[in-house]
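Values below: all heavy atoms of this structure, side chains included; hydrogens, waters and symmetry mates excluded. Quick caveat: nothing in here was measured; it's all calculated off a predicted structure.
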Amino acid sequence: MSQPILELKELDVFYGPIQALKKVSLYINEGETVSLIGSNGAGKSTLLMSIFGQPRAADGQIIYQGVDITHKSSHYIASHGIAQSPEGRRVFPDMTVEENLLMGTIPIGDKYAKEDMQRMFELFPRLEERRTQRAMTMSGGEQQMLAIARALMSRPKLLLLDEPSLGLAPIVVKQIFSTLRELAKTGMTIFLVEQNANHALKLSDRAYVMVNGEIRLTGTGKELLVNEEVRNAYLGGH
């Protein structure tokens, strides 16, 4: 069996005296879409940020492509093929769409910038319409598309997405997940942190459920969609 592209082993993470993650172990295989679901404050975003070393793991290991990156710099991690679209979008507000996309090439240089930007415009046609517009003047959905596209500009081997549907209208959420489905079909490896369990589980090959900083359940997306505990806690019993 091939080695996972990312593996977390017994990860402990603290914020000061408070333990945010407790002995978290999970893995992601190349080409898989894996989601991490759980309620607000469960530790999901902390887990994603800890992969980039912010905050650093107090104990345990983060293995990426067979290399222990637990104590590597954020720059090392970004330049070796992991990209993150953070929670709350965090685009550069005063920059145009094109300038934001170019910022995504920093880890790898701008050799492929022109062709990759064109690819982003094909993936997100709305961004092409807004290419010279400042990010701060765009809608939340457009900013989310821009944040994902910016992450993709570094040609990642592993894409981390933190709450891509947060605060967006249902129709926009549908558009975002439709695009993620297209990305998954190209073989992109995606690790998705998401409160919208219904969308996340339908998209995912496998998923983990986090409660109070611990992994409580794991299974395929289909298995967890019909799991009674998951349905009652995260899918409104539907």
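- How far CG of D59 is from NZ of K22: 15.0 Å, rounded to the nearest 0.5 Å.
- By the 6.0 Å contact criterion, NZ on K202 is open, its count of non-hydrogen atoms from other residues, nucleotides or ligands being 12 or less.
- Of the inter-residue distances, the one linking L161 atom CG with Q84 atom CD reads 9.0 Å to the nearest 0.5 angstrom.
- The side-chain tip of R131 does not point at the ring of F121 from less than 6.0 angstrom away and within 45° of straight on.
- With rounding to the nearest 0.5 Å, the separation of CD1 in I63 from CD1 in I5 is 13.5 Å.
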Note to self: side-chain contact (heavy atoms from CB on, under 4.5 Å) for R150 and F92? Distances and angles first, verdict last.
What the structure shows: CA-CA 10 Å; R150 184 184 64 198; F92 297 100; 3.6 Å; yes
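- Between D94 and R134 there is a salt bridge, since at least one side-chain N of the basic residue sits less than 4.0 Å from a carboxylate O of the acidic one.
- Atom CG of D68 has more than 12 neighbouring heavy atoms from other residues, nucleotides or ligands inside a 6.0 Å radius.
- Between the side chain of T179 and the backbone N or O of Q175 there is at least one donor-acceptor pair closer than 3.5 Å.
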Notebook entry, point to check: Step by step, would you call E228 with N232 a side-chain contact (heavy atoms from CB on, under 4.5 Å)?
Noted result: CA-CA 6 Å; E228 202 168 327; N232 289 333; 3.7 Å; yes
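- Taking CE of M120 as the start and CD of E128 as the end, the distance is 12.5 Å to the nearest 0.5 Å.
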Margin query: Run the side-chain contact (heavy atoms from CB on, under 4.5 Å) test on I62 and K9 for me, step by step, so that the C-alpha distance in whole Å, both residues' side-chain angles and the decisive distance to 0.1 Å come before the verdict.
Written below: CA-CA 6 Å; I62 302 165; K9 297 180 176 180; over 6 Å; no
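- Nearest heavy atom pair, residue A20 against residue T46, reads CB-CG2, 3.9 Å.
- Counting heavy atoms of neighbouring residues, nucleotides and ligands inside a 6.0 Å radius, atom CD of E30 does not exceed 12 of them.
- Judged purely by atom type and a 3.5 angstrom limit, S50 has no side-chain atom pairing as donor or acceptor with the backbone of G53.
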Next item on the list: Would you sort out whether V230 and L225 count as a side-chain contact (heavy atoms from CB on, under 4.5 Å), showing the intermediate values?
Entry: CA-CA 7 Å; V230 172; L225 266 172; over 6 Å; no
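- The main-chain N or O of T33 is found under 3.5 Å from a side-chain atom of D205 such that the two form a donor-acceptor pair.
- In this structure, E115 and R119 have side chains that are not in contact, with every pair of non-hydrogen atoms separated by 4.5 Å or more.
- Criterion: ILVMFWY side-chain heavy atoms under 4.5 Å apart, direct or through other members. Under it, L26 and V67 are part of a common hydrophobic cluster.
- Using cut-offs of 30° and 60° on the angle between ring planes, the pair Y208 and Y27 is perpendicular.
- Judged by distance alone, with hydrogens and angles left aside, the side-chain atoms of S178 form no donor-acceptor pair with the main-chain N or O of K174 at under 3.5 Å.
- A pairwise comparison of heavy atoms in F14 and A58 identifies CD1-CB, 3.7 Å as the closest pair.
- For D162 and K44, the salt-bridge test fails: no basic side-chain N is under 4.0 Å from an acidic carboxylate O.
- Residues R56 and T70 share a closest heavy-atom pair of NH1-O, 3.1 Å.
- When the shell of 6.0 Å around CD of E229 is examined, it contains 12 or fewer heavy atoms from other residues, nucleotides or ligands.
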Margin query: Please evaluate residues E87 and S45 with respect to the criterion side chain to side chain donor-acceptor pair (under 3.5 Å), reporting the C-alpha separation (whole Å), side-chain torsions for both, the decisive distance (0.1 Å), and the verdict.
Written below: CA-CA 8 Å; E87 185 184 355; S45 293; 3.0 Å; yes
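- Nearest heavy atoms, A57 versus H71: O-CE1, 4.3 Å.
- Both M95 and I106 belong to a common hydrophobic cluster when Ile, Leu, Val, Met, Phe, Trp and Tyr are linked at side-chain heavy-atom distances under 4.5 angstrom.
- The shortest distance between side-chain heavy atoms of L158 and L6 falls below 4.5 Å.
- Although no hydrogens or angles enter the test, the distance criterion places a donor-acceptor pair under 3.5 Å between the side chain of E32 and the main chain of N29.
- Side-chain atoms of S35 do not come within 3.5 Å of backbone N or O of L203 as any donor-acceptor pair.
- Counting heavy atoms from C-beta on, the side chains of I28 and T189 come closer than 4.5 Å.
- No continuous path of hydrophobic side-chain contacts links Y15 to V193 [ILVMFWY only; heavy atoms under 4.5 Å].
- In this structure, the side chains of E194 and S165 come closer than 4.5 Å at one or more pairs of heavy atoms.
- Remark: the backbone N or O of A42 is not paired with any side-chain donor or acceptor of S39 at under 3.5 angstrom.
- In this structure, L159 and I82 have side chains that are not in contact, with every pair of non-hydrogen atoms separated by 4.5 Å or more.
- L183 places a side-chain heavy atom less than 4.5 Å from the side chain of I190.
- Listed by chain and number, the residues in a side-chain hydrogen bond (donor to acceptor under 3.5 Å, both in side chains) with Q143 amount to none (sequence neighbours excluded).
- Contacts of E223 classified as salt bridge (charged side-chain N to carboxylate O under 4.0 Å, His left out), with partners at least two apart in sequence or in another chain: none.
- A donor-acceptor pair under 3.5 Å is absent between the side-chain atoms of E214 and the main chain of R216, judged by distance alone.
- To the nearest 0.5 Å, atom CG of residue N198 and atom CZ of residue F177 are 9.5 Å apart.
- In this structure, V24 and E10 have side chains that are not in contact, with every pair of non-hydrogen atoms separated by 4.5 Å or more.
- In the hydrophobic clustering of ILVMFWY residues, with side-chain heavy atoms under 4.5 Å counting as a link, I108 and L160 come out apart.
- For A151 against A83, the heavy-atom pair with the smallest separation is O-CB, 3.3 Å.
- Contact annotation: the side chain of V209 never approaches that of L36 to less than 4.5 Å [non-hydrogen atoms, C-beta and beyond].
- When all heavy atoms of L152 and M188 are compared, the pair lying nearest together is CD2-CE, 3.5 Å.
- Note that CZ of R155 is 4.0 Å distant from CG of D116, once rounded to the nearest 0.5 Å.
- I176 and L48 sit in two unconnected hydrophobic clusters of ILVMFWY residues. Membership requires side-chain heavy atoms under 4.5 Å apart, directly or through other members.
- Not a single donor-acceptor pair under 3.5 Å links the side chain of D110 to the backbone N or O of A113.
- Checked by atom type and distance alone, the side chain of D12 pairs as donor or acceptor with a backbone atom of K23 at under 3.5 Å.
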